[in-house]
Amino acid sequence: MGSPVVVKDLCISAGGVTLVDRVSFSIQPGEVLALIGESGSGKTTTALALMGYARRGCQVSGGSVRIGDVDVLGLGASQLRALRGRTVSYIAQSAAASFNPSRTILDQVVEPAVLHGTLHRAEAELKAIALFRELALPDPETIGQRYPHQVSGGQLQRLMAAMALITDPEVVILDEPTTALDVTTQVEVLRAFRRVVRERKVTAVYVSHDLAVVAQMADHVLVLRNGCMRELNPTKRLLAAPENEYTKSLLAAARPAPRAGAQTAADAEVLLRVKGLSAGYGPRGADGRPAKMILRDIDLELRRGQAIGVIGESGSGKTTLARAVAGLLAPCAGTMEFHGRPLKPLLAQRTRDELRRIQIVFQSADTALNPSQTIESILARPLEFYKGMKGAALQRRIGELLDLVQLPRTVAQRLPGGLSGGQKQRVNLARALAAEPDLILCDEVTSALDTVVGAAVLDLIAELRRELGVSYLFISHDLHTVRAVCDEIVVMQHGRKLTQVARCDYDRGPHHPYYEQLARAVPELRCGWLDELDARRPVAVASAA
(Lines give C-alpha, C1' and ligand atoms only; values in the text may rest on other atoms or scores of the structure.)
Protein backbone atom coordinates (compact mmCIF):
# COMPACT_ATOMS: atom_id res chain seq x y z
CA MET A 1 0.00 0.00 0.00
CA GLY A 2 1.37 3.36 -0.98
CA SER A 3 1.48 6.58 0.98
CA PRO A 4 0.22 9.99 -0.09
CA VAL A 5 2.88 12.37 -1.38
CA VAL A 6 2.56 16.12 -0.84
CA VAL A 7 5.08 18.56 -2.33
CA LYS A 8 4.66 22.24 -1.50
CA ASP A 9 6.57 25.23 -2.92
CA LEU A 10 9.64 23.12 -3.72
CA CYS A 11 12.67 25.18 -4.76
CA ILE A 12 16.01 23.73 -5.90
CA SER A 13 19.00 25.79 -6.96
CA ALA A 14 22.58 25.37 -8.13
CA GLY A 15 25.26 28.05 -8.06
CA GLY A 16 22.70 30.77 -7.48
CA VAL A 17 20.54 29.60 -10.41
CA THR A 18 17.02 28.39 -9.68
CA LEU A 19 16.36 24.99 -11.27
CA VAL A 20 12.98 24.27 -9.68
CA ASP A 21 10.81 27.22 -8.68
CA ARG A 22 7.95 26.77 -6.20
CA VAL A 23 6.57 23.50 -7.54
CA SER A 24 3.57 22.02 -5.69
CA PHE A 25 1.52 18.86 -6.19
CA SER A 26 -0.02 15.93 -4.33
CA ILE A 27 -0.46 12.26 -5.25
CA GLN A 28 -2.68 9.65 -3.59
CA PRO A 29 -1.94 5.91 -3.30
CA GLY A 30 -2.79 4.12 -6.53
CA GLU A 31 -2.37 7.32 -8.57
CA VAL A 32 0.26 8.28 -11.13
CA LEU A 33 1.41 11.86 -11.63
CA ALA A 34 3.33 12.48 -14.85
CA LEU A 35 6.01 15.18 -15.03
CA ILE A 36 6.57 16.36 -18.60
CA GLY A 37 8.52 19.12 -20.28
CA GLU A 38 11.67 19.81 -22.27
CA SER A 39 15.07 18.47 -21.33
CA GLY A 40 16.39 20.62 -18.49
CA SER A 41 12.88 21.65 -17.39
CA GLY A 42 13.41 20.18 -13.91
CA LYS A 43 11.40 16.95 -14.27
CA THR A 44 14.00 14.55 -12.87
CA THR A 45 15.33 17.10 -10.39
CA THR A 46 11.81 17.45 -8.96
CA ALA A 47 11.24 13.69 -8.86
CA LEU A 48 14.54 13.00 -7.09
CA ALA A 49 13.52 15.38 -4.30
CA LEU A 50 10.99 12.73 -3.23
CA MET A 51 14.02 10.68 -2.14
CA GLY A 52 15.56 13.65 -0.34
CA TYR A 53 18.21 13.73 -3.04
CA ALA A 54 19.71 16.62 -4.97
CA ARG A 55 22.38 16.19 -7.65
CA ARG A 56 25.94 17.31 -6.97
CA GLY A 57 26.11 21.09 -6.80
CA CYS A 58 22.35 21.38 -6.25
CA GLN A 59 20.52 22.13 -3.03
CA VAL A 60 16.92 22.30 -1.87
CA SER A 61 16.47 25.98 -1.10
CA GLY A 62 12.83 25.98 -0.05
CA GLY A 63 9.57 24.11 0.32
CA SER A 64 8.63 20.72 1.72
CA VAL A 65 8.25 17.09 0.64
CA ARG A 66 6.11 14.72 2.70
CA ILE A 67 5.49 11.00 2.20
CA GLY A 68 2.68 10.07 4.56
CA ASP A 69 3.70 11.54 7.91
CA VAL A 70 7.41 11.70 7.02
CA ASP A 71 9.10 15.04 6.35
CA VAL A 72 11.59 13.80 3.76
CA LEU A 73 13.70 16.96 3.66
CA GLY A 74 14.11 16.84 7.43
CA LEU A 75 15.63 13.33 7.54
CA GLY A 76 19.24 12.66 8.47
CA ALA A 77 21.69 10.63 6.38
CA SER A 78 20.94 7.25 8.01
CA GLN A 79 17.19 7.83 7.78
CA LEU A 80 17.50 8.72 4.10
CA ARG A 81 19.45 5.52 3.43
CA ALA A 82 16.58 3.58 5.02
CA LEU A 83 14.04 5.50 2.92
CA ARG A 84 15.77 5.07 -0.44
CA GLY A 85 15.15 1.75 -2.10
CA ARG A 86 12.74 0.63 0.62
CA THR A 87 10.01 3.28 0.93
CA VAL A 88 10.88 5.07 -2.31
CA SER A 89 12.33 3.23 -5.33
CA TYR A 90 13.78 4.77 -8.45
CA ILE A 91 13.81 3.42 -12.01
CA ALA A 92 16.40 5.44 -13.91
CA GLN A 93 16.38 6.49 -17.56
CA SER A 94 19.62 4.71 -18.38
CA ALA A 95 19.86 1.18 -17.06
CA ALA A 96 23.19 0.73 -18.86
CA ALA A 97 24.77 3.40 -16.67
CA SER A 98 23.11 2.10 -13.50
CA PHE A 99 24.22 -1.55 -13.46
CA ASN A 100 27.66 -2.66 -12.29
CA PRO A 101 29.26 -4.44 -15.28
CA SER A 102 31.38 -6.72 -13.05
CA ARG A 103 28.48 -8.32 -11.14
CA THR A 104 25.74 -10.65 -12.30
CA ILE A 105 22.28 -9.22 -12.85
CA LEU A 106 20.68 -11.35 -10.12
CA ASP A 107 23.19 -10.14 -7.52
CA GLN A 108 22.21 -6.57 -8.25
CA VAL A 109 18.45 -7.11 -8.50
CA VAL A 110 18.21 -8.82 -5.09
CA GLU A 111 20.56 -6.39 -3.36
CA PRO A 112 17.91 -3.82 -2.23
CA ALA A 113 15.78 -6.50 -0.56
CA VAL A 114 18.78 -8.08 1.18
CA LEU A 115 20.32 -4.76 2.30
CA HIS A 116 17.02 -3.44 3.68
CA GLY A 117 16.30 -6.77 5.36
CA THR A 118 12.92 -7.30 3.71
CA LEU A 119 13.90 -10.76 2.38
CA HIS A 120 16.57 -13.38 2.89
CA ARG A 121 18.80 -14.06 -0.11
CA ALA A 122 16.98 -17.24 -1.19
CA GLU A 123 13.58 -15.58 -0.88
CA ALA A 124 14.83 -12.54 -2.80
CA GLU A 125 16.07 -14.73 -5.66
CA LEU A 126 12.68 -16.45 -5.97
CA LYS A 127 10.93 -13.08 -5.96
CA ALA A 128 13.36 -11.72 -8.57
CA ILE A 129 12.57 -14.64 -10.90
CA ALA A 130 8.85 -14.01 -10.44
CA LEU A 131 9.38 -10.34 -11.35
CA PHE A 132 11.43 -11.33 -14.42
CA ARG A 133 8.48 -13.44 -15.53
CA GLU A 134 5.97 -10.67 -14.79
CA LEU A 135 8.04 -8.21 -16.84
CA ALA A 136 8.06 -10.60 -19.84
CA LEU A 137 11.81 -11.24 -19.79
CA PRO A 138 13.16 -14.24 -21.70
CA ASP A 139 14.50 -17.23 -19.72
CA PRO A 140 13.44 -15.79 -16.33
CA GLU A 141 15.07 -18.65 -14.41
CA THR A 142 18.52 -18.08 -15.91
CA ILE A 143 18.72 -14.48 -17.19
CA GLY A 144 19.87 -13.33 -13.75
CA GLN A 145 23.10 -15.31 -14.16
CA ARG A 146 24.18 -13.10 -17.05
CA TYR A 147 26.15 -9.86 -16.83
CA PRO A 148 24.65 -6.51 -17.93
CA HIS A 149 26.51 -6.46 -21.26
CA GLN A 150 25.03 -9.85 -22.17
CA VAL A 151 21.44 -8.60 -22.49
CA SER A 152 19.82 -6.04 -24.79
CA GLY A 153 19.08 -2.46 -23.75
CA GLY A 154 15.37 -3.14 -23.49
CA GLN A 155 15.94 -6.23 -21.35
CA LEU A 156 18.27 -4.31 -19.05
CA GLN A 157 15.66 -1.60 -18.52
CA ARG A 158 13.10 -4.19 -17.42
CA LEU A 159 15.66 -5.79 -15.13
CA MET A 160 16.13 -2.41 -13.48
CA ALA A 161 12.37 -2.23 -12.94
CA ALA A 162 12.57 -5.60 -11.17
CA MET A 163 15.32 -4.22 -8.93
CA ALA A 164 13.12 -1.25 -7.98
CA LEU A 165 10.02 -3.35 -7.28
CA ILE A 166 11.62 -6.15 -5.25
CA THR A 167 11.19 -4.30 -1.92
CA ASP A 168 7.46 -3.58 -2.51
CA PRO A 169 8.02 0.19 -2.18
CA GLU A 170 5.28 2.66 -1.26
CA VAL A 171 6.43 5.25 -3.81
CA VAL A 172 8.00 4.55 -7.19
CA ILE A 173 9.74 7.15 -9.35
CA LEU A 174 9.78 6.09 -12.99
CA ASP A 175 12.26 8.25 -14.89
CA GLU A 176 11.74 7.62 -18.62
CA PRO A 177 11.50 3.85 -17.95
CA THR A 178 10.41 2.88 -21.46
CA THR A 179 12.79 5.12 -23.41
CA ALA A 180 15.02 2.21 -24.47
CA LEU A 181 12.21 -0.21 -25.27
CA ASP A 182 10.76 -1.24 -28.60
CA VAL A 183 7.03 -0.70 -29.01
CA THR A 184 5.84 -4.26 -28.33
CA THR A 185 8.04 -4.60 -25.26
CA GLN A 186 6.95 -1.14 -24.14
CA VAL A 187 3.32 -2.24 -24.17
CA GLU A 188 4.10 -5.19 -21.91
CA VAL A 189 6.15 -3.05 -19.51
CA LEU A 190 3.41 -0.40 -19.35
CA ARG A 191 0.92 -3.14 -18.51
CA ALA A 192 3.19 -4.42 -15.76
CA PHE A 193 3.68 -0.94 -14.28
CA ARG A 194 -0.04 -0.17 -14.36
CA ARG A 195 -0.79 -3.50 -12.71
CA VAL A 196 1.72 -2.77 -9.92
CA VAL A 197 0.26 0.68 -9.29
CA ARG A 198 -3.35 -0.44 -9.32
CA GLU A 199 -3.10 -3.73 -7.43
CA ARG A 200 -0.57 -2.62 -4.81
CA LYS A 201 -1.89 0.95 -4.57
CA VAL A 202 1.60 2.30 -5.14
CA THR A 203 2.06 6.05 -5.37
CA ALA A 204 3.92 6.80 -8.58
CA VAL A 205 5.67 9.69 -10.32
CA TYR A 206 6.23 9.13 -14.03
CA VAL A 207 8.86 11.32 -15.70
CA SER A 208 8.56 11.22 -19.47
CA HIS A 209 8.72 13.17 -22.70
CA ASP A 210 6.41 10.70 -24.47
CA LEU A 211 2.90 12.07 -24.18
CA ALA A 212 1.35 8.97 -25.76
CA VAL A 213 2.85 6.83 -22.99
CA VAL A 214 1.80 9.36 -20.37
CA ALA A 215 -1.76 9.16 -21.67
CA GLN A 216 -1.84 5.44 -20.81
CA MET A 217 -0.19 5.73 -17.39
CA ALA A 218 -0.99 9.00 -15.67
CA ASP A 219 -4.05 10.21 -13.78
CA HIS A 220 -2.71 13.77 -13.66
CA VAL A 221 -0.04 15.64 -15.64
CA LEU A 222 2.23 18.42 -14.42
CA VAL A 223 3.88 20.41 -17.22
CA LEU A 224 7.22 22.02 -16.34
CA ARG A 225 9.33 24.53 -18.23
CA ASN A 226 12.53 26.12 -16.95
CA GLY A 227 11.71 24.72 -13.52
CA CYS A 228 8.33 26.44 -13.33
CA MET A 229 4.83 24.95 -13.33
CA ARG A 230 2.97 25.67 -16.53
CA GLU A 231 -0.09 23.45 -16.11
CA LEU A 232 -1.42 20.79 -13.71
CA ASN A 233 -4.56 18.97 -14.79
CA PRO A 234 -6.16 15.53 -15.07
CA THR A 235 -4.72 13.75 -18.08
CA LYS A 236 -7.95 13.59 -20.08
CA ARG A 237 -8.60 17.30 -19.63
CA LEU A 238 -5.03 18.26 -20.52
CA LEU A 239 -5.06 16.21 -23.74
CA ALA A 240 -8.51 17.41 -24.79
CA ALA A 241 -8.23 21.09 -23.87
CA PRO A 242 -4.74 22.23 -22.82
CA GLU A 243 -4.79 25.59 -21.06
CA ASN A 244 -1.18 26.71 -21.48
CA GLU A 245 0.44 27.64 -24.78
CA TYR A 246 3.55 25.61 -23.95
CA THR A 247 1.40 22.53 -23.32
CA LYS A 248 -0.17 23.06 -26.72
CA SER A 249 3.28 23.15 -28.33
CA LEU A 250 4.21 19.84 -26.65
CA LEU A 251 1.06 18.20 -27.94
CA ALA A 252 1.68 19.56 -31.44
CA ALA A 253 5.17 18.01 -31.46
CA ALA A 254 4.08 14.69 -29.94
CA ARG A 255 3.84 12.91 -33.28
CA PRO A 256 6.57 13.80 -35.78
CA ALA A 257 5.33 14.90 -39.19
CA PRO A 258 7.16 13.67 -42.31
CA ARG A 259 10.38 15.59 -42.97
CA ALA A 260 11.28 16.37 -46.54
CA GLY A 261 14.83 15.16 -47.05
CA ALA A 262 16.86 15.24 -50.21
CA GLN A 263 15.32 13.52 -53.20
CA THR A 264 17.44 10.42 -53.70
CA ALA A 265 17.76 9.70 -57.40
CA ALA A 266 17.31 6.11 -58.49
CA ASP A 267 20.76 6.21 -60.08
CA ALA A 268 22.48 7.88 -57.11
CA GLU A 269 25.75 6.35 -55.98
CA VAL A 270 25.42 3.33 -53.72
CA LEU A 271 27.21 4.61 -50.63
CA LEU A 272 26.99 1.44 -48.53
CA ARG A 273 26.41 -2.10 -49.76
CA VAL A 274 26.05 -4.97 -47.30
CA LYS A 275 25.86 -8.49 -48.68
CA GLY A 276 25.19 -11.69 -46.73
CA LEU A 277 26.32 -10.11 -43.46
CA SER A 278 26.31 -12.36 -40.40
CA ALA A 279 27.72 -11.50 -36.97
CA GLY A 280 27.53 -12.43 -33.33
CA TYR A 281 29.33 -12.46 -30.01
CA GLY A 282 31.48 -14.88 -28.01
CA PRO A 283 34.31 -17.26 -28.93
CA ARG A 284 34.30 -18.62 -32.45
CA GLY A 285 34.09 -22.32 -33.19
CA ALA A 286 35.96 -24.35 -35.79
CA ASP A 287 33.54 -23.12 -38.46
CA GLY A 288 34.36 -19.48 -37.62
CA ARG A 289 30.89 -18.77 -36.23
CA PRO A 290 30.58 -17.03 -32.85
CA ALA A 291 28.92 -18.79 -29.93
CA LYS A 292 25.92 -16.44 -30.04
CA MET A 293 24.75 -15.55 -33.53
CA ILE A 294 22.84 -12.26 -33.82
CA LEU A 295 22.81 -11.20 -37.50
CA ARG A 296 22.03 -13.72 -40.20
CA ASP A 297 22.59 -13.11 -43.92
CA ILE A 298 21.67 -9.40 -44.09
CA ASP A 299 21.53 -7.65 -47.49
CA LEU A 300 21.25 -3.85 -47.62
CA GLU A 301 21.95 -0.98 -50.03
CA LEU A 302 22.06 2.66 -48.96
CA ARG A 303 22.47 5.41 -51.58
CA ARG A 304 24.09 8.80 -51.13
CA GLY A 305 21.66 11.21 -49.48
CA GLN A 306 19.25 8.42 -48.55
CA ALA A 307 17.88 7.57 -45.11
CA ILE A 308 16.92 3.99 -44.32
CA GLY A 309 15.23 3.09 -41.04
CA VAL A 310 15.81 -0.20 -39.25
CA ILE A 311 13.13 -1.31 -36.78
CA GLY A 312 12.45 -4.39 -34.71
CA GLU A 313 12.15 -5.55 -31.13
CA SER A 314 15.00 -5.51 -28.62
CA GLY A 315 17.41 -8.29 -29.53
CA SER A 316 16.45 -8.26 -33.21
CA GLY A 317 19.97 -7.25 -34.28
CA LYS A 318 19.45 -3.55 -35.10
CA THR A 319 22.33 -2.24 -33.02
CA THR A 320 24.56 -5.19 -33.96
CA LEU A 321 24.10 -4.22 -37.61
CA ALA A 322 25.17 -0.64 -36.84
CA ARG A 323 28.19 -1.85 -34.84
CA ALA A 324 29.30 -4.08 -37.72
CA VAL A 325 29.05 -1.23 -40.24
CA ALA A 326 30.89 1.09 -37.84
CA GLY A 327 33.75 -1.40 -37.48
CA LEU A 328 33.12 -2.12 -33.81
CA LEU A 329 32.25 -5.78 -34.44
CA ALA A 330 33.83 -8.02 -37.06
CA PRO A 331 31.29 -10.02 -39.12
CA CYS A 332 31.77 -13.76 -39.36
CA ALA A 333 30.42 -13.86 -42.92
CA GLY A 334 29.47 -11.53 -45.75
CA THR A 335 30.96 -8.37 -47.23
CA MET A 336 30.66 -4.59 -46.88
CA GLU A 337 31.45 -1.94 -49.49
CA PHE A 338 31.69 1.83 -48.99
CA HIS A 339 31.84 4.15 -52.00
CA GLY A 340 32.22 1.01 -54.13
CA ARG A 341 35.36 -0.16 -52.32
CA PRO A 342 35.69 -3.04 -49.84
CA LEU A 343 35.26 -1.87 -46.26
CA LYS A 344 37.59 -3.45 -43.74
CA PRO A 345 35.70 -5.16 -40.88
CA LEU A 346 37.38 -3.42 -37.93
CA LEU A 347 38.15 0.20 -37.04
CA ALA A 348 41.87 -0.45 -36.62
CA GLN A 349 42.05 -1.64 -40.25
CA ARG A 350 40.34 1.42 -41.75
CA THR A 351 41.93 4.63 -43.00
CA ARG A 352 41.45 7.90 -41.14
CA ASP A 353 39.28 9.17 -43.99
CA GLU A 354 37.02 6.09 -43.77
CA LEU A 355 36.76 6.64 -40.02
CA ARG A 356 35.70 10.24 -40.61
CA ARG A 357 33.15 9.37 -43.26
CA ILE A 358 31.24 6.85 -41.08
CA GLN A 359 30.10 8.11 -37.68
CA ILE A 360 27.83 6.53 -35.09
CA VAL A 361 25.56 8.16 -32.53
CA PHE A 362 25.02 5.69 -29.71
CA GLN A 363 21.75 5.02 -27.94
CA SER A 364 23.05 5.73 -24.43
CA ALA A 365 24.76 9.11 -24.18
CA ASP A 366 25.49 8.33 -20.51
CA THR A 367 27.99 5.66 -21.48
CA ALA A 368 29.12 7.26 -24.76
CA LEU A 369 30.47 10.49 -23.24
CA ASN A 370 33.58 10.58 -21.05
CA PRO A 371 32.33 11.85 -17.67
CA SER A 372 35.69 13.42 -16.80
CA GLN A 373 35.94 15.62 -19.92
CA THR A 374 34.17 18.91 -20.56
CA ILE A 375 31.79 19.20 -23.49
CA GLU A 376 34.35 21.46 -25.16
CA SER A 377 37.01 18.72 -24.95
CA ILE A 378 34.59 16.08 -26.23
CA LEU A 379 33.72 18.14 -29.31
CA ALA A 380 37.28 19.34 -29.85
CA ARG A 381 38.72 15.84 -30.24
CA PRO A 382 37.13 14.94 -33.63
CA LEU A 383 37.80 18.45 -34.92
CA GLU A 384 41.49 18.13 -34.03
CA PHE A 385 41.78 14.51 -35.15
CA TYR A 386 40.03 14.79 -38.52
CA LYS A 387 40.38 18.48 -39.38
CA GLY A 388 43.53 19.56 -37.55
CA MET A 389 41.67 22.55 -36.11
CA LYS A 390 43.27 24.68 -33.40
CA GLY A 391 42.83 27.98 -31.63
CA ALA A 392 40.11 30.40 -32.65
CA ALA A 393 38.90 28.25 -35.54
CA LEU A 394 38.43 25.32 -33.17
CA GLN A 395 36.49 27.39 -30.64
CA ARG A 396 34.32 28.91 -33.35
CA ARG A 397 33.40 25.49 -34.75
CA ILE A 398 32.55 24.13 -31.29
CA GLY A 399 30.12 27.02 -30.86
CA GLU A 400 28.58 26.33 -34.27
CA LEU A 401 28.08 22.66 -33.42
CA LEU A 402 26.33 23.55 -30.16
CA ASP A 403 24.10 25.94 -32.11
CA LEU A 404 23.26 23.17 -34.58
CA VAL A 405 21.91 20.90 -31.84
CA GLN A 406 20.23 23.78 -29.98
CA LEU A 407 22.44 23.83 -26.90
CA PRO A 408 23.61 27.08 -25.28
CA ARG A 409 27.29 27.71 -25.84
CA THR A 410 27.78 27.98 -22.09
CA VAL A 411 27.52 24.17 -21.74
CA ALA A 412 30.97 23.89 -23.38
CA GLN A 413 32.63 24.28 -19.99
CA ARG A 414 30.40 21.77 -18.21
CA LEU A 415 30.89 18.05 -17.61
CA PRO A 416 28.35 15.51 -18.96
CA GLY A 417 27.13 14.85 -15.42
CA GLY A 418 25.85 18.41 -15.26
CA LEU A 419 23.55 17.95 -18.25
CA SER A 420 20.15 16.33 -18.58
CA GLY A 421 19.72 13.10 -20.53
CA GLY A 422 18.39 14.95 -23.56
CA GLN A 423 21.20 17.49 -23.47
CA LYS A 424 23.82 14.72 -23.35
CA GLN A 425 22.25 13.07 -26.37
CA ARG A 426 22.50 16.32 -28.32
CA VAL A 427 26.21 16.51 -27.46
CA ASN A 428 26.48 12.93 -28.73
CA LEU A 429 24.97 14.01 -32.05
CA ALA A 430 27.15 17.14 -32.26
CA ARG A 431 30.27 15.01 -31.87
CA ALA A 432 29.28 12.90 -34.87
CA LEU A 433 28.53 16.01 -36.94
CA ALA A 434 31.98 17.43 -36.13
CA ALA A 435 33.59 14.91 -38.51
CA GLU A 436 31.37 16.04 -41.43
CA PRO A 437 30.61 12.40 -42.32
CA ASP A 438 28.99 10.88 -45.41
CA LEU A 439 27.09 8.34 -43.31
CA ILE A 440 25.71 8.66 -39.79
CA LEU A 441 24.55 5.54 -37.99
CA CYS A 442 21.82 6.80 -35.66
CA ASP A 443 21.14 4.27 -32.90
CA GLU A 444 17.97 5.47 -31.16
CA VAL A 445 19.21 9.04 -31.57
CA THR A 446 15.96 10.69 -30.40
CA SER A 447 14.96 8.16 -27.74
CA ALA A 448 16.24 10.32 -24.87
CA LEU A 449 14.86 13.60 -26.22
CA ASP A 450 11.65 15.37 -25.33
CA THR A 451 9.13 15.90 -28.10
CA VAL A 452 10.08 19.50 -28.90
CA VAL A 453 13.83 18.87 -29.01
CA GLY A 454 13.29 15.53 -30.76
CA ALA A 455 11.32 17.31 -33.47
CA ALA A 456 14.15 19.86 -33.82
CA VAL A 457 16.72 17.06 -34.20
CA LEU A 458 14.59 15.41 -36.91
CA ASP A 459 14.44 18.78 -38.69
CA LEU A 460 18.23 19.01 -38.41
CA ILE A 461 18.68 15.52 -39.85
CA ALA A 462 16.45 16.39 -42.80
CA GLU A 463 18.31 19.70 -43.33
CA LEU A 464 21.71 17.97 -43.38
CA ARG A 465 20.38 15.55 -45.99
CA ARG A 466 19.20 18.41 -48.17
CA GLU A 467 22.28 20.62 -47.82
CA LEU A 468 25.14 18.14 -47.43
CA GLY A 469 23.80 14.93 -48.90
CA VAL A 470 24.46 13.05 -45.64
CA SER A 471 23.08 9.49 -45.58
CA TYR A 472 21.56 7.85 -42.52
CA LEU A 473 21.04 4.35 -41.22
CA PHE A 474 18.39 5.23 -38.66
CA ILE A 475 17.85 2.59 -35.98
CA SER A 476 14.81 3.03 -33.79
CA HIS A 477 11.96 1.30 -32.03
CA ASP A 478 9.73 4.32 -32.73
CA LEU A 479 7.89 3.64 -35.96
CA HIS A 480 6.50 7.19 -36.14
CA THR A 481 10.01 8.67 -35.99
CA VAL A 482 11.34 6.31 -38.65
CA ARG A 483 8.43 7.07 -40.95
CA ALA A 484 9.04 10.80 -40.47
CA VAL A 485 12.68 10.83 -41.61
CA CYS A 486 13.32 7.73 -43.71
CA ASP A 487 12.79 6.85 -47.38
CA GLU A 488 12.56 3.14 -46.63
CA ILE A 489 12.13 0.92 -43.58
CA VAL A 490 13.94 -2.37 -43.03
CA VAL A 491 12.08 -4.67 -40.62
CA MET A 492 14.19 -7.12 -38.58
CA GLN A 493 13.33 -9.99 -36.26
CA HIS A 494 15.63 -12.57 -34.65
CA GLY A 495 18.59 -11.18 -36.59
CA ARG A 496 16.98 -11.57 -40.00
CA LYS A 497 15.63 -9.01 -42.46
CA LEU A 498 11.94 -9.77 -42.93
CA THR A 499 10.87 -7.06 -45.35
CA GLN A 500 11.68 -3.59 -46.67
CA VAL A 501 8.93 -0.97 -47.05
CA ALA A 502 9.26 2.13 -49.27
CA ARG A 503 7.90 5.54 -48.20
CA CYS A 504 5.21 5.44 -50.88
CA ASP A 505 3.88 2.22 -49.31
CA TYR A 506 3.92 3.29 -45.64
CA ASP A 507 0.17 3.81 -45.60
CA ARG A 508 -0.67 1.14 -48.15
CA GLY A 509 -0.88 -2.54 -47.32
CA PRO A 510 -0.85 -5.34 -47.05
CA HIS A 511 2.49 -5.52 -45.20
CA HIS A 512 4.38 -8.31 -43.49
CA PRO A 513 2.38 -9.45 -40.39
CA TYR A 514 5.24 -8.55 -38.07
CA TYR A 515 5.38 -5.00 -39.46
CA GLU A 516 1.63 -4.74 -38.85
CA GLN A 517 2.15 -5.98 -35.29
CA LEU A 518 4.73 -3.27 -34.64
CA ALA A 519 2.44 -0.61 -36.11
CA ARG A 520 -0.46 -1.68 -33.87
CA ALA A 521 1.74 -1.49 -30.76
CA VAL A 522 2.66 2.21 -31.18
CA PRO A 523 0.79 4.09 -28.40
CA GLU A 524 -1.76 6.62 -29.55
CA LEU A 525 -2.07 10.09 -28.07
CA ARG A 526 -5.32 9.52 -26.21
CA CYS A 527 -6.41 8.03 -22.93
CA GLY A 528 -7.71 4.48 -22.99
CA TRP A 529 -5.71 3.28 -25.99
CA LEU A 530 -3.97 0.56 -23.98
CA ASP A 531 -7.27 -0.63 -22.51
CA GLU A 532 -8.71 -0.87 -26.01
CA LEU A 533 -5.66 -2.79 -27.18
CA ASP A 534 -6.05 -5.23 -24.29
CA ALA A 535 -9.71 -5.68 -25.12
CA ARG A 536 -8.93 -6.54 -28.74
CA ARG A 537 -5.89 -8.74 -28.32
CA PRO A 538 -2.76 -8.39 -26.17
CA VAL A 539 0.41 -7.83 -28.13
CA ALA A 540 2.74 -10.82 -27.81
CA VAL A 541 6.38 -10.27 -27.00
CA ALA A 542 8.75 -12.41 -29.01
CA SER A 543 11.02 -14.71 -27.04
CA ALA A 544 14.09 -12.88 -28.32
CA ALA A 545 12.89 -9.49 -27.04
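None of these values were measured; they are calculated from a predicted model.
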Ignoring hydrogens and geometry beyond distance, is a side-chain donor-acceptor pair present between Ser278 and Asp297 at under 3.5 Å? no

Among residues two or more places apart or on two chains, list those pairs meeting side chain to side chain donor-acceptor pair (under 3.5 Å) that have a residue in residues 428-441. His339-Asp438, Arg357-Asp438, Lys387-Glu436, Gln425-Asn428, Asn428-Arg431

What residues form a salt bridge (Lys or Arg N to Asp or Glu O under 4.0 Å) with Arg146, not counting sequence neighbours? Asp139

Check the pair Leu277, Leu321 against side chain to side chain contact (heavy atoms under 4.5 Å, CB included), reporting the backbone distance first and the verdict last. CA-CA 9 Å; Leu277 195 71; Leu321 173 61; 4.0 Å; yes

Using 30° and 60° as the class boundaries, would you call the ring planes of His149 and Tyr147 parallel, tilted or perpendicular? parallel

Which residues pass the salt bridge (Lys or Arg N to Asp or Glu O under 4.0 Å) test with Lys248, not counting sequence neighbours? Glu245

With sequence neighbours excluded, tell me which residues meet side chain to side chain contact (heavy atoms under 4.5 Å, CB included) with Leu347. Leu328, Leu355

List for me each residue that meets salt bridge (Lys or Arg N to Asp or Glu O under 4.0 Å) alongside Arg341, sequence neighbours excluded, and say none if there are none. none

Are a donor atom and an acceptor atom from the side chains of Asn370 and Ser372 found within less than 3.5 Å of each other? yes

List the residues meeting salt bridge (Lys or Arg N to Asp or Glu O under 4.0 Å) with Glu384, not counting sequence neighbours, and say none if there are none. none

Lys/Arg-Asp/Glu bridge criterion (N-O < 4.0 Å) met for Asp487, Arg465: yes

Asp210 and Ser208: side chain donor to acceptor below 3.5 Å: no

Is the closest basic N to carboxylate O distance between Arg503 and Glu488 below 4.0 Å? no

Leu402 vs Leu379, test: side chain to side chain contact (heavy atoms under 4.5 Å, CB included). Steps then yes/no. CA-CA 9 Å; Leu402 292 172; Leu379 297 182; 3.8 Å; yes

